[in-house]
Amino acid sequence: MTTIARTPRRVSTVGRFGRWFRTTGWRHVIAVVLCLFALLPITYVVSASLNPTGTLTGSNQLFKTVGLDSYQRLLTSDQFPFMTWFKNSLIVGLTTAVLSVFLGALAAYAFSRMRFSGRRTGLLTIVLIQMFPQLLAVVAIFLLLGQIGAIFPSIGLNTHAGLIMVYLGAALGVNTYLMYGFFNTVPVAIDEAAKIDGAGHARIFFRIILRLVAPILAVVALLSFIGSMNDFVIASVVLVDPEQQTLAVGLYRMVSNPNYADWSAFAAGAVMASVPVVVLFLFLQKYIVGGLTAGAVK
Amino acid sequence: MRMTKKSLAAGALLVGAGLLLSACSSSEDPTTSSSPTDTGAETPTTSLTVWVDAERADALSQAATDYEAQTGIKVEIVARDNSTLKDDFIQQANSGSGPDVVMGAHDWLGELTTNGVIAPLELGDKAGDFLPVALDASTYDGTVYELPYAVENLALLRNADLVPEPATSYDDMIAKGKAAGAEFPFVVEQGESGNPYHLYPFQTAFGAPVFGKDANGAYDPTQLTLGDGTAFAEWLSTQGVKGSKNMSTEITGDIAKEKFTSGDAAFWLTGPWNVNAAVEAGINVAVDPIASPGPDAAQPFAGVKGFFVNQYSDNKVAANDFLVNYIGTEDVQVALFKSGGVLPALKAAADSVSSDPLVAGFKAAGDQAVPMPAIPAMGKVWEYWGIAQAAILNGEDPDSTWAKLTDDVAAAIAAG
Amino acid sequence: MNTLLTARKSDRVEFGSAGRVGPLVLKIVLLATLDAALLFAISVLLGRGNYGALALVAVGGLAINWVYLSKRTLPAKYLTPGLTFLAIFQVFIILYTVYIAFTNYSTGHILNKSQAIEALLSQSQSRVPDSAEYPVTIVEVGGDLGMLVTAPDGTAMLGTAADPLETVDASMSDGKAVSTEGATSLTFAEVLQRQEEIFALAVPVSDDPNDGSLRTLDGRNAYQYTSNLVYDEEADTLTNTDTGVVYTDGGHGAFVAEDGTEILPGWQVNVGFENFQRAFSEDSIRGPLVYVTAWTFVFAFLSMILTFGLGLFVALVLSHPRMRGLRFYRIIMVLPYAFPAFLGAMVWSGMLSTSFGFVNQVLLGGASIPWLTDPTLAKVAVLTVNLWLGFPYMFLVSMGALQSIPEEVTEAATTDGASPWQLFRRIKLPLLLVSMAPILISTFAFNFNNFNVIYLVTGGGPRDTSAGIPVGHTDILISMVYKVAFTGQQRDYGLASAFSIIIFVLVAVISIISFRRTRSLEDIH
């Protein structure tokens, strides 16, 4: 009895497995392989962070010693005000992300919805400007902020506001083009319908369009945040006080002298620094791939 | 029509508001560094900005507080990124936002004086209080520009548990290492482009320093003695892939450190910055002078770390006072030693910390040390030197490679 | 449509005239604050005589006001905030780089002329070898600064810049003369107030100029100095009093002798197109130039294609809504981007070590593949690392861009019987390419100048030992430029700027051509 009853079940299990594999199973296989590729160096970093006296790439025995000393050292050290750096990075990163998205969206809306001379050239120019080699960027920014700071000290050198302004200089660029493309997929009919009801251009922009392009706004916000979290070249020339510095600058300084590099603490810092990025990604994910937008268009 | 009037109204409001606000704010003076304080009798405080290596910032901050208590001069320590410190200083020194004092190494002297960004110092009678090698290195073209605080040189670290006795020569060292059963009798940091700094003691052991010296004892760019290094080159090729494989361009600093601290290597040619790592790993470390593989003694490079005064500083008197009369004293030199672990440049301080056998070991190895040349011509040497050595270690013919090296360097120096 | 209609009906109340005042007030307040700040800045710049910056601020301010007050400048109202920041920061960098490319800003030419003269004179001061140490008290005599010194034999002497040292009676304290009649002694605090003057103070030792002067560097001790360089301001010459050689301004930012020897430090001068000429005629890069340029193009193009391919692939694989663990997988895919790039590159560099690396030792079971030292494999290594670094970016962007493909189109195709692969190739991919074309072009441009990855993984190596400069087989144009311009102790920013501009022009031309071609795609959409 059991045998007879079991056989059809077994066949259907195999059948179900086969179907599952064909629709999503193969995706899992590929995803796992790619995850290994993505995680390999990161595993090294995590292992180094748990090995308080070890080197970064001196040994292949991952996780030889496991200890949280480096994390502890980093969080409680006076020499490295880790939590201050963390806070600074979050402030600068989030502000830059929000403002970059806002400025970019404003520009993308104008390029997408309005017809004016120099529209196409303008877009192209913006992207080209971003391509200019940044060889002398450090010196130029130093001179510029020095001048600005002489008049308005609160937005000059060694201020977060100054650094954010420099990052906003890069807000209009290829991301704008990306948003422009996405804006173009929102039918003009929606704008027109709203105009008939007496909505001004600002209303249309803020109330309607922005919600419809949420995925690309979320992507640009995340990219902008990551960009400013990881930047240390510009940040290290602007922020000089350890109390003002961001995570990237502070961590990088820990290893800039190869003879005194504390790789374990640095790795621990890098691991902790990746947390806000992951959290932000999780939070924005639902906007990036949300099905809400497709419905709203209808 | 309505819109235009509204715009005009808005415009008028704007201008009015703008003027009002600007009138209020223009009564404030844009602040400069010496704004009058409330009590008119008080004189403004002089403030020195000092750029330091991130690692030394802490040690110096205590000294800064003490100095302020003594003299009333405020010292602001700014920790900078070590890899860009020199270039940033050169570019910013004359901008008005540059530091008053900058921390660096003596081999920067050529570049700093060529760019005209540092001012001479006067050590006065204190000059004799410093170790001769420190004073020698701090002088460029007959003038003293640097206040030295540490003398750094390589030495031979030995795992005393594996090898209880120091080595008498290079070959003896290898033999002892092998007899002890270590996987690597000897490790030295190299890397794909070579590391001539670490191999210099072996090069001098074969009688080939880079430059000869002129009548004043300074390095002479017209006397390129690098070409005498053929014997060294030949010996080097016996240590590489074609020979005993004692050295390899694949061994990075990390790998060398890993091998010694895990007990796989018996001898490690490295500097004072790595001693702590070995001690903390539980190795019984002994520090010996570098074992010579050739007819002469092995003379490593000495790197003298110190402070420079910015030529365009407004506070040169305070800067000189801070450096010569304060940093040049025993207590401060010892304090800096405590944070960095490198032998102090002041004789009295060096003696007082040499009770530690490890420090004494570096000091003994340093007795043979020669300052790295700071002249601009040295920059040309570094470009080709490491690559040639790496090529020899990887099997290229030593004679022709070394001859090409000498030719390339001579041509580059001649080209200016 | 229904949802929107309902929304509109409820919003109708807000679209009334009552809502119009709020934004207007906000606009006035913002603009007024900005104007106040600008006027303040103008007043400060006026006070400093900085007319160039003043003009810029004034013009910029007027432009912004016009944009927001005029009725006809609607697009500008949206573009101005972003463009302002772009103009101030990015465009300034471009202008500055162009400016530097036309000067000789390099090692030895960092200063301006008066600073160079100051530095030369300062360096030429040498202490007379057997000069004694004179404890000094700085005094003021009749309005001039002077030095009250104690000679080694205990006598006190007084002198000013104009009057050589003379013996005087002075009150001593601990063997040091501290005050004398007719002169006011300065406290240390007062000395600090007048540091610059005191540093420059030189008191002649006697009437004979060859005896030199007394100078003090720290305000406490003075020494006897002579200088062997004299600057004649009228003739604009430097004379070396020891050798008698006269140096004149050579016009190239340095003093030169008749036989052509230059003394440094020099100063920064405009050199016209010289840097650009040198860039094109530089001998040392002739040899490697061709293969480095070829590799740069290959590297940039492959990096773009590979990262786009992998990123898009991952986005598609992880796009099935019913797949479990989507969030988890996606986070892992983003992780490489969340860590600092240089850390990842350094770890890869260590992992690829031939004898000690993880890849050879652990993954390939003890193989000895020369990933970083073989010219071809090094290129593969660099591309792989760049792929690892860059695919998360493409993954994120693809995820976003995929959302812009309207579902109706996908559904229509599926009901027509299209297979997933056909759906992708015929519909999704073209639509994606249209919206992502600029990203691809920009990624190409970015990787064309991606100096960091090359430097951190291979350092440009393995080295081409036959070349005259330290160039290697994975060097791209920009890293080779750095090696030419920044060698040893020489930093030639002017030359490097000229090179970068030339490279930029090259990249810009390619980008413009690519944009034009993708424009036709856009029109279809």
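If you're wondering where the values come from, they're calculated on a predicted model, not measured in any experiment. To find a chain, count down the sequence lines: A is the first, B the second, and so on, and within it residues start at 1.
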So do the side chains of [X] and [Y] get within less than 4.5 Å of each other, counting heavy atoms only?
| X | Y | value |
| --- | --- | --- |
| C/W388 | A/L40 | no |
| A/I151 | C/F40 | yes |
| C/F85 | A/L172 | no |
| A/L34 | C/L310 | yes |
| C/L343 | A/W263 | yes |

Of all the heavy-atom pairs spanning [X] and [Y], show the shortest one and how long it is.
| X | Y | result |
| --- | --- | --- |
| C/L316 | A/R27 | O-NH1, 2.9 Å |
| A/A110 | C/P75 | CB-O, 4.0 Å |
| C/F92 | A/A140 | CE2-O, 3.5 Å |
| C/S497 | A/L135 | N-CD2, 3.7 Å |
| A/G169 | C/Q90 | O-CG, 3.2 Å |
| C/G400 | A/F182 | O-CE1, 3.3 Å |

- prompt: Hey, mind stepping through A/L62 and C/V362 against side-chain contact (heavy atoms from CB on, under 4.5 Å) and telling me if it holds?
  reply: CA-CA 11 Å; A/L62 296 175; C/V362 178; over 6 Å; no
Does any backbone or side-chain atom of [X] lie under 4.5 Å from a heavy atom of chain A? Answer side chain, backbone, both or neither.
| X | answer |
| --- | --- |
| C/V397 | both |
| C/V317 | both |
| C/F313 | side chain |

Heavy-atom distance under 4.5 Å to chain C: side chain of [X], backbone, both or neither?
| X | answer |
| --- | --- |
| A/A270 | both |
| A/L99 | neither |
| A/V271 | both |
| A/F37 | both |
| A/F225 | neither |
| A/I141 | side chain |
| A/L217 | neither |
| A/F132 | both |

query: Any idea how A/F205 and C/Y78 line up, ring-wise: parallel (<30°), tilted (30 to 60°), or perpendicular (>60°)?
result: perpendicular
task: Indicate, with yes or no, if the rings of C/F342 and A/F266 have centres closer together than 6.0 Å.
output: yes
query: So, A/N230 side chain and C/Y337 main chain: donor-acceptor pair closer than 3.5 Å or not?
result: yes
- prompt: Between A/V127 and C/F515, does a side-chain contact (heavy atoms from CB on, under 4.5 Å) hold up when you go through it step by step?
  reply: CA-CA 10 Å; A/V127 178; C/F515 266 101; 4.1 Å; yes
- prompt: Do C/R327 and A/Q285 have a side chain donor and acceptor closer than 3.5 Å?
  reply: no
